[in-house]
A.B. asks: 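Here's a structure for you.
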Amino acid sequence: MERGPAIFAGVVFALFGGALLVWTGTRLRRGEPVAHGVNRVASATLAGVAGTLALALGGYCLTRL
C-alpha cells in the first residue's frame, strides 16, 4: 500500500537533485552566478550539496520498495 508514495517521492527527489546538479554545473561552466548577491563559491557549494542530498534521498526511497 505504501509503494506508490515511495516511488513518487523517490522519483521526485531524484529528478530534482539531478536537475539541480545539471543546472549548477551549467551555470558554473558558463561563468554565470548560481545565486545573485551571494558569494559564487558558497552558492555553488550549497547548491551542489543540496542536489547531492536530494539524489541520495531519492535513491534511498527507491531502494526501500
A.B. asks: Which atom pairs, one a donor and one an acceptor, fall under 3.5 Å between side chains of residues 15-29 and the rest of the protein, sequence neighbours left out?
C.D. replies:
unit_1 : atom_1 : unit_2 : atom_2 : d
T24    : OG1    : L20    : O      : 2.8
T26    : OG1    : V22    : O      : 2.8
R27    : NE     : P33    : O      : 3.0
R27    : NH1    : E32    : OE1    : 2.9
R27    : NH2    : P33    : O      : 2.8

A.B. asks: Return each pair, listed once, that meets salt bridge (charged side-chain N to carboxylate O under 4.0 Å, His left out) where at least one residue sits in residues 8-18; pairs must be two or more places apart or across chains.
C.D. replies: none
A.B. asks: Which residues pass the side-chain contact (heavy atoms from CB on, under 4.5 Å) test with V12, not counting sequence neighbours?
C.D. replies: F8
A.B. asks: Would you give me the side-chain donor-acceptor pairs under 3.5 Å for residues 51-63, sequence neighbours excluded?
C.D. replies:
unit_1 : atom_1 : unit_2 : atom_2 : d
T52    : OG1    : G48    : O      : 2.8
T63    : OG1    : G59    : O      : 3.1
T63    : OG1    : Y60    : O      : 3.0

